[in-house]
Every structure is written in structure tokens, then in C-alpha cells.
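A short write-up of the structure that comes next.
We number each residue from 1, following the sequence as shown. Note that these values count all heavy atoms, side chains included, but never hydrogens, waters or copies made by symmetry.
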Amino acid sequence: MAEHRKSRDTQIPERLRPLMPLLPLFLVLVTAILLWGRGESAEEEETLYLSLVTEESVPRLVTAEQLERMAYIDSNMGEVGWVYTEQSLAELNRVLQEYEILTPEEISQFLAQAAVETAAGRWLTELGDEAYFQRYGYSTGTRGAGYLHLTFEYGQMAFATWMMKKYIPELGGIPYRNPTCNTREDIADAYYSTLRLAANLGVDISRYSRIVYDSRSPVSTGADYIAEAFAWESAGYYWHITGIGCALDGPPGVRHTDDVSRLVGGGNWQSRREAYMAFYPVLNGSSKDEPIS
């Protein structure tokens, strides 16, 4: 196999070899242009894009081998092991880069929260029935979704507005209202004003408006759609808007896990500590027997 690769390399002109690492990105761009001209659906574009995202085009902060080594026994949940696909792993790495969750400490804390919220990827929407959700002030359509269980209609509206502002050039100037410091009314006003502007501009926002639950929609919306399309992105977004990264100053340790758990708002803090203690040695390249302060 090595000789075969060498033979193929000799067929590539010397002046073109420095450009070879850019080939995967070039293929993604060409495919996107072709699909745009063909009018493919947003879901088909996303599927094809993710299929072209490779280790060469997106740096791997977390590898499949590391995820496998993160399996552990939790005192409350029992056996924990990540459920993932090649595409979801590529998306995780993209989101880590996009939201600057970059160090072993940051990634370990991020994954520890995600592991407990979703049983390491098994449940990307909150478990329960309508009566249970109503007790906490939301519904099946607005229940927790994604790896950090983004919840409530106003949370969905804020996330949808963020995504439209971030990814649709024509809407780059719209106001975004952070739910950590704005009222639900302000968030709703920003969202609906964005819908009106998009309609006036003739911009297709269906990929992002589906983030907000609509009981009349014939396709998935709200929590189910977030779990399908933005499970990792919604988690990276929540991590960013709550300023969790700022809580990780100083040496690594489980004391950070409590600070992060408070900001995420979930229960079972002991499991979050245990997840962190299982993940950090793997990502940091240290021994599991090495104490973590």
C-alpha cells in the first residue's frame, strides 16, 4: 500500500502538491455551488456537506478513539459510553472550533455536561410526557433538546434568531437578544421582526425558523428538529451565550464542574463530576490515576 501511494504521488506535479490539503474544502465548495443551482433541499445539502467533512477539512479536537476510551461506570447511571456516528463526530469537532471550546479542560467540561444531559448521546430530547413538561412550564414541542437540552419557546426563538444572524448574510444586522439578560417579550419581538424582514427580502429562512416549535407544521419543528439538525450547535451556542468558558479560569479540576453545572442548570452534579474525571485524562493525555483537583 505504501508503494502504491508513492506511485500515485509521483503523478502529481511538484508545484501542485502544497495545494493537496485544501482539496476536501474545495470539494465542499464545488458541491455547495452545484446544489445551489439544482435547488436541493436544506436537509439534502446538510447531509452531503457533512459527508464531505473529513479529518483533513476539519481539525479533530476529539477523535473516535478518544470517545471510545471515555467509557466509564457512573455511580448513578451505570455504564456510560458515547453513541455517535462519523457525521455527528465531525459536527462536534466543527462546533468545538466554531465556539472556541478548544482546551482539554474546556472540552472535558463541555462533554461532561452533554454526557449527563443525554446519557452520552442516547437521548437528544428530554424524556417525559406532556403532563411532566407542563409542570415545569413548557411542552413536548419546547422540551429540552440537543446535547445541553435547550428548553422553552423563548430559548428556541433566541437560538433561531442567533442562527439566522450568524448564517444568513442578508440578516447579519438583525438584533439578537440573549435570554440570560433579556425578557421573553424582547426575545419574541426580535424573532418576529426577523421573520418580517426575511419575508420582505425574500430570504428563505425555513432551515432556522423550524427551530421554533409550530404545532401546525407538517415537518418536524422545535425540540425534535433541534435534536435532528442542531444537537451539537445548540449546545455550543448555549455554552457561548452563558459565558461558561469564563468560569474555567485557573488550573483544571472538578471545582469547575460545579460552576458549569450551575450555569447549565441540570441536576445530578455528582454524575457530572464523574464524567469530567473520566474524560479529562483521555483528552489531556494523562493517567486516569493522576489526581484531578
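A cation-pi contact, defined as under 6.0 Å to the ring centre and within 45° of the axis, is absent between Arg207 and Tyr167.
A 4.5 Å side-chain heavy-atom check between Ser193 and Ile174 finds every atom pair outside the cut-off. Tyr138 has its side chain out of reach of Glu153: every pair of non-hydrogen atoms, C-beta onward, lies at least 4.5 Å apart. At a threshold of 4.5 Å between non-hydrogen side-chain atoms, the residues Arg177 and Thr161 do not count as touching. For the pair Thr257/Trp269, no side-chain contact is recorded, criterion being any heavy-atom separation below 4.5 Å from C-beta on.
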Could you please spell out the steps behind the side-chain contact (heavy atoms from CB on, under 4.5 Å) verdict for Glu126 and Tyr132? CA-CA 11 Å; Glu126 186 177 359; Tyr132 170 82; 3.6 Å; yes
Residues Ser220, Glu228; criterion side chain to side chain donor-acceptor pair (under 3.5 Å); working and verdict: CA-CA 9 Å; Ser220 61; Glu228 294 168 8; 2.9 Å; yes
Leu201/Leu171 under side-chain contact (heavy atoms from CB on, under 4.5 Å): CA gap, chis, key distance, verdict: CA-CA 9 Å; Leu201 295 175; Leu171 301 179; 4.2 Å; yes
Please determine whether side chain to side chain donor-acceptor pair (under 3.5 Å) holds for the pair Arg69 and Gln66, giving the CA-CA distance in whole Å, both sets of side-chain angles, and the decisive distance to 0.1 Å. CA-CA 5 Å; Arg69 288 170 53 204; Gln66 287 174 320; over 6 Å; no
Met77/Val116 under side-chain contact (heavy atoms from CB on, under 4.5 Å): CA gap, chis, key distance, verdict: CA-CA 9 Å; Met77 299 189 297; Val116 177; 4.2 Å; yes
Evaluate Tyr238 against His149 for side-chain contact (heavy atoms from CB on, under 4.5 Å), listing each step before the verdict. CA-CA 9 Å; Tyr238 188 80; His149 279 187; over 6 Å; no
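Side chain of Asp224 to main chain of Gly141: no donor-acceptor pair is present (N/O by atom type, distance under 3.5 Å, no hydrogens or angles). A donor-acceptor contact shorter than 3.5 Å is absent between the side chain of Ser88 and the backbone of Tyr84. Asn93 places a side-chain N or O within donor-acceptor distance of the main-chain N or O of Leu89, the cut-off being under 3.5 Å. The backbone N or O of Asp249 sits less than 3.5 Å from a side-chain atom of His256, completing a donor-acceptor pair. At distances below 3.5 Å, not a single donor-acceptor pair connects side-chain atoms of Glu117 with backbone N or O atoms of Gln113. A donor-acceptor pair under 3.5 Å is absent between the side-chain atoms of Glu274 and the main chain of Tyr72, judged by distance alone.
Hydrophobic clustering places Tyr280 together with Val254 (ILVMFWY residues linked when any side-chain heavy atoms are closer than 4.5 Å, directly or through intermediates). Connection of Val83 to Val80 is not established within any shared hydrophobic cluster, with ILVMFWY side chains joined at heavy-atom distances below 4.5 Å, either directly or through further cluster members. In this structure, Leu148 is a member of the same hydrophobic cluster as Tyr136, with clusters built from ILVMFWY side-chain heavy atoms closer than 4.5 Å. Linking ILVMFWY residues whenever their side-chain heavy atoms come closer than 4.5 Å, directly or via other members, leaves Tyr213 and Tyr154 in distinct clusters.
Among all heavy-atom pairs drawn from Gly155 and Leu150, the shortest one is O-CD2, 4.0 Å. When all heavy atoms are compared, the tightest approach of Arg255 to Gly250 is NH2-C, 4.1 Å. Heavy atoms only, all atoms of each residue included: Ile226 and Gly146 are closest at CG2-N, 4.2 Å. Heavy-atom minimum distance, Trp162 versus His240: CH2-CD2, 3.5 Å. Ala198 and Ile205 make their closest contact through CB-CG2, 3.6 Å (heavy atoms, listed as atom of the first residue, atom of the second, distance). Considering all non-hydrogen atoms of both residues, Ala120 and Gly81 come closest at CB-O, 3.5 Å.
Other residues, nucleotides and ligands contribute at most 12 non-hydrogen atoms within 6.0 Å of the CD atom of Glu100. Applying the 6.0 Å contact sphere to CH2 of Trp123 captures no more than 12 heavy atoms from other residues, nucleotides or ligands.
One finds the CG atom of Asn284 at 9.0 Å from the OG1 atom of Thr103 (value rounded to the nearest 0.5 Å). Separating the OH atom in Tyr208 from the CE atom in Met163 is a distance of 5.0 Å, to the nearest 0.5 Å. The structure places OG of Ser271 at 3.0 Å from CG of Asn268, a figure rounded to the nearest 0.5 Å. Distance CD1/Ile244 to CD/Gln109: 10.0 Å, rounded to 0.5 Å. Annotation: the span from Thr151 atom OG1 to Phe133 atom CZ amounts to 9.5 Å, rounded to 0.5 Å. Going from atom CE of Met70 over to atom CD of Glu68 covers 10.5 Å, rounded to the nearest 0.5 Å.
Below 30°, between 30° and 60°, or above 60°: for Trp239 and Phe110 the angle between ring planes is above 60°, a perpendicular geometry.
The existence of a salt bridge linking Glu98 and Lys166 is confirmed by a sub-4.0 Å separation between a basic side-chain nitrogen and an acidic carboxylate oxygen. Salt bridge absent: Arg143 and Glu130 never bring a charged side-chain N and a carboxylate O closer than 4.0 Å.
The one candidate from Leu124, Leu92, Leu111 that meets the side-chain contact (heavy atoms from CB on, under 4.5 Å) condition with Tyr147 is Leu124. None of Phe159, Phe230, Trp232 except one satisfies the ring pair (Phe, Tyr, Trp, His ring centres under 6.0 Å) rule with Tyr237; the exception is Phe159.
Side-chain N/O atoms of Thr142 and Ser139 include a donor and acceptor closer than 3.5 Å. A side-chain N or O of Gln270 and one of Arg273 form a donor-acceptor pair less than 3.5 Å apart.
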